[in-house]
Structures are given as structure tokens and as C-alpha cells.
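Keep in mind the model is a prediction, meaning the values are calculated, not measured. Start at 1 and go down the list; that is how both ligands and their atoms are numbered. Below, all heavy atoms of this structure are taken into account, side chains as well, without hydrogens, waters or symmetry copies.
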Amino acid sequence: MSKSIRKVLVANRGEIALRVIRACRELGIRTVAVHSTVDEHALHTRFADEAVCIGPGPAPQSYLNIPNLLAAAELSGADAIHPGYGFLSERADFAEIVERCGMTFIGPSAAHMRVMGDKISARATAQRAGVPILPGTGLLSSALQAREEADKIGFPVIIKASAGGGGRGMKIVRDPALLARTLETAQAEAEASFGCGDVYLERYVESPRHVEIQVVADTHGGAMHLLERECSVQRRHQKVVEEAPCAVLSPRLRAEMCEAAVSVAKAIDYHSLGTVEFLLDGDRFYFMEMNTRVQVEHCVTEMITGIDLVQEQIRLATGEPLAHLDREHRPRGHSIECRINAEDPVTFAPRPGTITALHFPGGFGVRIDSHVYQGYKVSPHYDSMLAKIIVHAADRDRAIRRMRRTLEECVIEGISTNLPLHRWLFKQEPFVSGNYDTHFLESAMDPEAVRREADALV
Ligand code: MV4
């Protein structure tokens, strides 16, 4: 029951499009890039075997334009579509249309995407699988019910949109008197942003860490984990640094979380790559959500397991079993990723423009995943990520030292980047000691110190 894939249309841009093209090349699969008019000279356009223009710069008219993508697939004779991350990667309707057109969607089934895309049903799934969830509710139907439930859970509570995820559509309520009004606002905002006003409650955890488990599952019932990633260094739900393994997980807790993640995947007969997100509060962990796509931060898992996750994802989409992967994984050294963005290092405001000079670092244990080059024009239409700098070393201390020297070597001129922020971060004691939570970056951020790092450059 193995479906062969001979030609993949890559429905994305930037570094992830390159990443997919590279994986296909090594697997002997032909590739079709799609690009907007703005990306005519982009590397993904050049690296692929063929390229098709699918519309103008704004994403809704190009990278999110389903009819144009399907036409490009049909015209080029692609037999599979890889959605990358962002854009259409978690749109169940897109996965469904791709399959109805007789092509393979490189990802899970539309049904898997729907169960996990709806955060209320994702929570119910975890509970059914015997995986810890925070005290909370299903769909809220009235302010009165919300108040009764919140009193049982205990304040503070957090209101979450069922169609949200990744931190979108969440509101913390500390004062019971504000619950009814905040609920109304949350429902209205969810309706406006997602076209679905469904919300639910959870007990609010004040200082959690974000730890996620990578899972891989085949279409024959085989499922396994590939250890964890720590993603607590973030701002406004945008991850800034990710690492694997997590500095504070005991082997026992790691084993429990990994087993829980596999249970969630098995409970829905999942297949493909998946990420099961947990909140870690001391030595307790709680299921948050499951992402059904390849993630920006997948590289740190690749470095500590030696497994090419994008190649695995493609193999799994053809119906190949997991058999060739080792069953037991112990972290092999330590890996850290820094997301380098075209933005103001202090305000985080996007800063598009032209890169006038570029030198990426190198050397032992350094990996750069990037689509930019000298003369590259960073467009305001898309995500501001320019590059991922990934290091791998024998242990966390060595990985931090390697990242420091790597950040020192990196030169990007002509636009403002967050390199100074990273240089500052890698000197901060809470980060270096591993003693930080999801609030660390926003609370410790010192604009003066980051400006000094920016001025120390050149
Ligand atoms: C929470 C929480 C505290 N308590 N849920 C944000 C992303 C989404 N996956 C879940 N998120 C959170 N859910 C409860 N009940 C705190 C967060 C949260 C967070 C989680 C992971 C990484 C960064 C975060 C930053 C702020 C809040």
C-alpha cells in the first residue's frame, strides 16, 4: 500500500522551502517551487527543478491561493504537495482538496488536522488517552456556567479560543468580577479572528516552561517519540531560541512526557510528524496542543537524533513503515537554535530592506538554514525570519559557548536584525544556568544592554 512520490510541489517559501527541496533531492524526488512575483529570484525558485509563479506579493493572492497552487500542481504533474510550516500547513480543507485531486498531502490526514486544530477536541483527546491536562472545561455556553466552573477550578483562569492555538486568542482572568466581561470580549474576538467564537477555560499556570515532544507515526499503527525540545525563550508567542534536550528534565520525567506524547498520537491513530506541546510546571506537565506540521525548530531534534525529519515525513506520506528507525533514543549531545530575524533588536518591529553584506558563521558543529544572500531584499509581505543558526556540541555548556562564538562571527549589514538580542541573551545567567520560564525574555529584556550589543558590532 505504498504510494510512490516522484514529484513534490513545495507550497511554501524561504528556508523551509529550501529544506524540503534539499530533502527531496537526496531522496531522488523531483521538485516544483511556487513563488510570488516578489520571490522570482528567491533561492527556492532557483533550487527546485521547476518553478511556477502563483501570484503577486501578498500571501492571500499567492502562497495562500489554493486554486493557483492546485493549477500549478496539475500543470507541472506533481503527485504530492508539501505545505512546510505556516501558510496552508494546518488547513484541513487544503489537505482534503489535495487528496481529492489525487495527490498526496505530505502530512497527516485532514481528520487528524481537524481534531487537533480544535483545541477543545484536542484537550478531550488527551484526556481520553490518559494524558494529564489542566483542570478546565469544554465549550462554554454562558457567563453563569463560566463562573461556576471558574470557582471550581480556582482563579486565576485562562480563557482560550478553541480555534486559536500558539497563544492566539487567550485571556487571563485574575479577578472573578471581570470574568463575564472578559468572556464576552474573548468570544467576540475569537469570532472575528477565526470565524468561531467557541472558548473554554483552564487553570492558569503562572510560570511554566514550554516543552514539546516530537513524535513520528506511520500508517501501520507504529508511533514513537524523538525526545523533547525546550522553547521557553519567546516573546509574544514567537519563539526566539529553542534547544534539545531540555536542561531541567529528569530522565524519569522525560520518559513520562515522551510516553504521554506517543499516547496522544496513538489515541487518534495519527500518522506523519507531530509535535505534542506541554506546559511544564515544576515536575508536573500538562498537555496544551498538538501541531500537525513540520516546525521551525525541528532542526535541534535532527541534530541530537541524527534523523532527517523532513525525509521521514516524506517517507511516511508514501506509506512506508517506521521500522528503519531505532526504537530507543537517548539525546546525543545538545543542540541550540537561534532565529535570526529582520527586526529591531529592542522593539522587535519588523525591519524589511536590502542585505548589503552577509557573512554566515561556520566551523565544527554549526548549521545554517537560510534562504538569504548578499543583495537579498527582505520583503514586508512575509515573515521576518532570515536564518536559523543551529549549533550542536557534546553538552549544553559547550553548545552555549559554540553559539556565542558563532553569533560573534555572523555579519548581516544593510538591515537591522536581532543578532544583538541573541548576543545579549547568551550572557544572561538565568539562560546560561537553564533556570528560566516562558516569561524570562520579556521580563529580563534590558533595552540599554541590547543597544550596547548592537553598538559593539562593526
Ligand atoms: C497556558 C499558560 C498558562 N496556563 N495555559 C501559550 C501558547 C499555547 N500553546 C499555550 N500557551 C499558554 N497556555 C494555561 N492554562 C501559558 C501559556 C503561555 C505560553 C506557553 C508556552 C510558551 C510561551 C507562553 C507564553 C505565555 C503564555
Side-chain angles (χ1 to χ4, degrees), residues 85-86 90 115-127 131-138 140 146 149-150 152-174 179 182-183 186 189-190 193-194 198-214 228-244 246-249 257 260-261 264 274-282 284-293 295-297 300 337 339 348 425 430-431 436-445:
Y85 51 64
E90 295 193 278
V115 176
M116 290 303 166
D118 179 304
K119 306 307 163 188
I120 292 176
S121 73
R123 224 176 99 85
T125 302
Q127 186 167 40
V131 169
I133 57 173
L134 281 159
T137 70
L140 291 177
E149 301 269 19
K152 271 189 263 170
I153 295 165
F155 285 83
V157 293
I158 184 165
I159 306 174
K160 294 186 177 183
S162 193
R168 297 180 315 146
M170 309 190 329
K171 288 192 188 301
I172 302 161
V173 184
R174 297 182 181 281
L179 181 63
T182 315
L183 176 67
E189 285 181 11
S193 325
F194 315 117
D198 291 359
V199 299
Y200 63 104
L201 289 182
E202 268 180 4
R203 191 183 89 214
Y204 179 65
V205 179
E206 296 281 359
S207 305
R209 294 175 77 117
H210 171 134
V211 177
E212 57 187 33
I213 308 291
Q214 179 69 52
E228 81 278 9
R229 292 183 289 262
E230 156 75 63
C231 308
S232 299
V233 181
Q234 56 83 43
R235 178 188 177 266
R236 297 199 186 159
H237 308 294
Q238 287 293 317
K239 294 165 187 163
V240 175
V241 174
E242 302 97 341
E243 55 180 310
C246 168
V248 299
L249 273 197
M257 291 179 75
V264 171
T275 297
V276 182
E277 262 183 48
F278 294 100
L279 277 194
L280 182 63
D281 186 17
R284 303 211 159 215
F285 64 90
Y286 307 95
F287 172 85
M288 285 286 111
E289 48 193 79
M290 179 171 182
N291 301 317
T292 57
R293 57 168 193 277
Q295 305 233 176
V296 177
E297 62 271 23
V300 294
E337 169 177 285
R339 297 190 189 192
F348 297 82
L425 176 69
F431 177 76
Y436 60 95
D437 60 38
T438 52
H439 302 295
F440 163 65
L441 183 57
E442 278 163 297
S443 62
M445 169 74 177

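- Residues satisfying the side chain to side chain contact (heavy atoms under 4.5 Å, CB included) criterion with A244, sequence neighbours excluded, are R229, V300, I304.
- Rounding to the nearest 0.5 Å gives a distance of 7.5 Å between CZ of F348 and CD of E442.
- Checked against side chain to side chain contact (heavy atoms under 4.5 Å, CB included), E289 has the following partners two or more places apart in sequence or in another chain: K119, E277, N291.
- E242 meets the salt bridge (charged side-chain N to carboxylate O under 4.0 Å, His left out) test with R339; sequence neighbours excluded.
- Q295 and T275 share a side-chain donor-acceptor pair at under 3.5 Å.
- A salt bridge between K239 and E212 is present, with a side-chain N of the basic residue lying under 4.0 Å from a carboxylate O of the acidic one.
- For ligand 1, residues of the protein lying within 4.0 angstrom by heavy-atom distance are L134, I158, K160, G166, G167, M170, E202, R203, Y204, V205, H210, Q234, H237, E277, L279, M288, E289, T438.
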